[in-house]
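Shown next, in structure tokens, is the structure this report addresses.
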2 protein chains.
Amino acid sequence: MASPPRDRRPTLADVAALTGVSTALVSIVMREAPGASPATRERVCRAADELGYRPDARARLLRSTRSRLLGVVFDVRQDFHGDLLGGLYAAGELLQYELTLSAVTPVRDEERAMASLLQDRCEAIILLGPRSPTTRLAELATRLPVVVVARPVRAAGVHVVRTTDDAGQRQAVDHLVSLGHRRITHIDGGRAPGAAQRRRGFSAAMTHHGLSEDQHIIRGGPGEDDAAHAAGELLKGPLPSAVTVFNDRCAVAVMDVLHRSRLSVPEEISVIGYDDSRVAALSSIQLTTVAQDAEKMASLAVGRVADRLDGAVVGHRELIVPPRLVIRSTTASPV
Amino acid sequence: MASPPRDRRPTLADVAALTGVSTALVSIVMREAPGASPATRERVCRAADELGYRPDARARLLRSTRSRLLGVVFDVRQDFHGDLLGGLYAAGELLQYELTLSAVTPVRDEERAMASLLQDRCEAIILLGPRSPTTRLAELATRLPVVVVARPVRAAGVHVVRTTDDAGQRQAVDHLVSLGHRRITHIDGGRAPGAAQRRRGFSAAMTHHGLSEDQHIIRGGPGEDDAAHAAGELLKGPLPSAVTVFNDRCAVAVMDVLHRSRLSVPEEISVIGYDDSRVAALSSIQLTTVAQDAEKMASLAVGRVADRLDGAVVGHRELIVPPRLVIRSTTASPV
DNA sequence: TTGAAAGCGCTAACAT
DNA sequence: ATGTTAGCGCTTTCAA
């Protein structure tokens, strides 16, 4: 007999009892698997609705061989990770994968975040900008497929999706040159990850345009304070007509110093950032910058994970997503 | 006999076999539950380590009555949600709860986010700034304990943790008045959530200081464009010595307009935002603003959930966290 | 098309 | 202190 569940949540068995069929059949219907008559499907669905039945994800996972679960480690403090998450969900949906999120916070380190995913039996792990040592990542990769996004690590079994920072910087320079700029300064990110590559890209691009004489590089850093200091240096010498800055945060800080010195952007000097972070798009800032295509990176990451889980032999360990220049209002032709 | 697992992950049984004890005993050891001799513990742990054994969270959950799992719905685009997540993990840890995250993204709506949590068998759900209609939240609350953070909803069974926006605005005004300001304008958030309350708080505070004649309210909105427009209006009339703006984003936009008009902040005009978002702390901005205590709100939310799960009868449906003024560099005494 | 039965990895009673 | 047994809610053979 059907026994309407009181305090506990309804189970497959409840639905089966109410419909008068076996649990196996209900299972088939709920999974939309082939092997049940339309009439039965109809009746089972009705009963399930009536009871407010929801399949138990965990019991399901426990039983089935594959979990189709992807673990994702992200940092709550990184805006860009938020964008990536959006892309990951979208890509996951397409390939029928569920995501299990595990956050890194000021009080929860990466190790904990990874451990919790391991317990959740995900089939693979996607790490967004991880800081763990290469050896740790390699070790993790021996247990399950690992894909690292937005950090160039070289470790056995660890696949990587990243952008080419130097190419991004080159696009920035190309844009400025096409506007007519010649004297361009780069305020770099010091030892920050990616800084060296962007600096190199800047130099290469300038040289490529025959402007190696006109280039200048000022030492900066990842934070606003480094940038403000660098901007001070910038004002001391002969002013260039344009600056490319390590990242958006720094670019905003630089612009602030420029404004305080009564220099208007872009009329008197053009500024380009890097990251296309949320500040860059603020209508009060409208910073020309280099964007990393979060959606594309996310879909590549999921695709790569899926391929590996399907046993495909994948050639390249690294997937490169070219960055893209986003032209807003901080760049213009020099007077 | 002990059979080292090849392709599949090691299970309790594998550890038991390797140690030569029963699975129940291994279970006890892994859970650090009482009922095993130190010697056995030692041996079991060694074996588990050797095999690289990790308990299967899902099987655990399936078996035990309580999952000690809290579902959290957050929006990847909200910086503040990131802060809250940090606090939730911290608070959860203290009370021995695990968090299951479910994100709202541009391609994944709140309904989906909630549905996935329901399948994960969490014991309660914490919603960060949900947009679902009150009726939907009430309905959800009939299935399990629901706590809403940062949105004032009135629905049966739905508990709320929020700040008092009017009190925040009052603090802003108090600060300005104590600096010597009298003529103060509020650029409001139009119909944005919370805007009405902040507007009311502003008026009340001004009146309280006997400045009802000196107050001015300009219609704004939640976005920068609304704010920029409002700032234009501001410049048309006689300039106040200070403005309080609906939120940080808008405040930044307002300051931008002021700067372009060669008005310096805070020398010629003081500005106060609201939210203490990441932009406010940028060293190039240093905006005086009103902060919502994310950590406190998070710990109250988890505490409330825990109380309800423990069957405690909780009196107040709403928990109020007073906001806090963060004084930075955009406020000063008028000349 | 449908049902019976076994078992995923674990914990909770109950034995010993 | 340790082992035995019985499920948690589901999927998956296999047989009817």
Side-chain angles (χ1 to χ4, degrees), chain A residues 3 5 7-45 47-48 51-69 96 98 118-123, chain B residues 3 5 7-45 47-48 51-69 96 98 118-123:
Chain A
S3 63
D7 46 334
R8 74 185 216 303
R9 310 177 44 149
T11 72
L12 256 197
D14 295 319
V15 180
L18 187 59
T19 326
V21 298
S22 72
T23 59
L25 200 45
V26 177
S27 171
I28 287 174
V29 173
M30 296 318 291
R31 279 176 293 141
E32 305 188 42
S37 72
T40 312
R41 272 183 211 285
E42 174 61 26
R43 281 171 47 229
V44 169
C45 284
L51 291 176
Y53 168 77
R54 300 237 154 223
D56 185 322
R58 322 196 97 90
R60 251 184 181 168
L61 261 30
L62 181 56
R63 181 56 228 210
S64 31
T65 356
R66 295 201 49 179
S67 71
R68 299 205 73 84
L69 217 54
Q96 311 248 57
E98 295 279 325
L118 249 19
Q119 300 207 163
D120 281 347
R121 286 292 186 265
C122 26
E123 301 184 28
Chain B
S3 62
D7 48 332
R8 72 186 217 302
R9 311 178 43 148
T11 72
L12 256 196
D14 295 319
V15 180
L18 187 61
T19 327
V21 297
S22 72
T23 60
L25 200 45
V26 176
S27 171
I28 286 174
V29 172
M30 296 317 292
R31 280 176 292 143
E32 306 188 43
S37 72
T40 311
R41 270 181 211 285
E42 175 61 24
R43 280 173 45 228
V44 169
C45 285
L51 291 176
Y53 168 77
R54 300 239 155 223
D56 184 321
R58 322 199 96 91
R60 254 185 180 170
L61 259 30
L62 182 56
R63 177 61 226 201
S64 27
T65 350
R66 294 201 51 179
S67 70
R68 300 206 71 85
L69 215 54
Q96 311 249 56
E98 295 280 327
L118 249 19
Q119 300 206 168
D120 282 347
R121 287 293 187 266
C122 24
E123 300 185 31

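Every chain is numbered from 1 and lettered A, B, ... according to where its sequence line falls, protein lines coming before strand lines.
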Practice prompt. State plainly whether the residues B:Glu123 and B:Arg68 are in salt-bridge range, i.e. N to O under 4.0 Å.
Written response: no

Discussion item. D:dT2, OP1 or OP2 - any side-chain N/O from B:Thr40 closer than 4.0 Å?
Written reply: yes

Euclidean distance, atom [atom1] of residue [X] to atom [atom2] of [N] [Å, nearest integer]:
X: B:Arg41; N: D:dA1; atom1: CZ; atom2: P; value: 8 Å
X: A:Leu25; N: D:dG9; atom1: CG; atom2: P; value: 20 Å
X: B:Glu42; N: D:dT2; atom1: CD; atom2: C1'; value: 18 Å

Worksheet item: By side-chain hydrogen bond (donor to acceptor under 3.5 Å, both in side chains), which residues pair with B:Asp56, not counting sequence neighbours?
Response: A:Arg121

Discussion item. Donor-acceptor check, side chain of B:Ser27 to backbone of B:Thr23, threshold 3.5 angstrom: yes or no?
Written reply: no

Worksheet item: Roughly how far, to the nearest 0.5 Å, is OG1 of A:Thr11 from OH of A:Tyr53?
Response: 7.0 Å

Discussion item. Does B:Glu98, at its CD atom, have more than 12 non-hydrogen atoms belonging to other residues, nucleotides or ligands within less than 6.0 Å?
Written reply: no

Item to complete: Using the salt bridge (charged side-chain N to carboxylate O under 4.0 Å, His left out) rule, collect all pairs that involve residues 18-45 of chain A, keeping only residues at least two apart or in two chains.
Response: A:Glu42-A:Arg46

Discussion item. Across nucleotides 9-16 of chain C, 5' to 3', mark each nucleotide with B, S or - according to how protein heavy atoms within less than 4.0 Å reach it.
Written reply: BBBB----

